[in-house]
Amino acid sequence: MNCMEARRMVTPFIKKELSDKEAEQFLKHIEHCSDCMDELDIYFTVYKALDTLDSGNHTEYDFRKLLHEEIRSVKRGILRRKVFHIMQGTLLVFVEILLLLSVYTTFEVQKVQMEQSTFHKAIHSLHAGDGLHFRAIEEKEEAEKTLELQQTPETGMTETSEMTETEEMAENK
């Protein structure tokens, strides 16, 4: 900021009409430019003196001290708002991270539940399949027992004896 721009901002600064960015630039300039600081001091003294006369309060004031207090107050206000914005941004990022973690966790829980459900279905079908397997084994054993009972004790042949190929050939001759 140059001196011409700073001098245009003296009255808006005194009337608190500058944005934080403009006030910060203005204060930075007057800290390093004694001419602009002197001009601010003069305008501030005139403005406050007229304000004091209008209010009817005729006590003595140290206008230079009031100006320095005003500058410190503006700097503190700017700093507070910057810290607030930083904290607000940090909080927003933190909340977004929590939301993302929540969505991810929910997704993972659903995935695990689906895998467990599939696993339980597979186990259930295996148990049901084992039951069928066991029934088939039981039916086979019963068939073997029935077959043993049907065998004749003398020959060891089954009652429904089947002809072997040799017997069939002999019969056909």
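From a predicted model like this one, the values you see are computed outputs, not experimental measurements.
- His29 and Asn2 get closest at one heavy-atom pair: CE1-C, 3.8 Å.
- Shown here for Val10 and Glu39, the closest heavy-atom pair between the two residues is CG1-O, 4.4 Å.
- Using a cutoff of 4.0 Å between basic side-chain nitrogens and carboxylate oxygens, Glu31 and Lys75 are scored as salt-bridged.
- In this structure, CE on Met37 lies 4.0 Å from CD1 on Ile71, to the nearest 0.5 angstrom.
- Distance check, rounded to the nearest 0.5 Å: OG1 of Thr105 to CG of Leu100 gives 10.5 Å.
- Considering only heavy atoms from C-beta on, Met9 comes within 4.5 Å of Met1 through its side chain.
- By the 4.5 Å heavy-atom criterion applied to side chains, Phe13 and Leu27 are counted as neighbours.
- For the atom pair CG of Asp38 and SG of Cys33, the computed distance is 8.5 Å after rounding to the nearest 0.5 Å.
- Using a 4.5 Å heavy-atom threshold, the side chains of Glu24 and Ser19 count as separate.
- Going from atom CD of Glu108 over to atom CD of Gln110 covers 10.0 Å, rounded to the nearest 0.5 Å.
- The number of heavy atoms from other shown groups lying within 6.0 Å of CZ (Phe63) is above 12.
- A heavy-atom distance below 4.5 Å is found between the side chains of Lys48 and Phe44.
- From Leu67, atom CG reaches atom CG of Leu40 across 4.5 Å, with rounding to the nearest 0.5 Å.
- Salt bridge status for Glu70 with Lys16: present, with a side-chain N to carboxylate O gap under 4.0 Å.
- Side-chain contact between Leu99 and Val103 is absent, with no heavy atoms from C-beta onward closer than 4.5 Å.
- By the 4.5 Å heavy-atom criterion applied to side chains, Tyr47 and Lys15 are counted as neighbours.
- Between Phe26 atom CZ and Arg7 atom CZ the span is 10.5 Å, to the nearest 0.5 Å.
- Taking 4.5 Å as the limit, every side-chain heavy atom of Asp20 sits out of range of all side-chain heavy atoms of Gln25.
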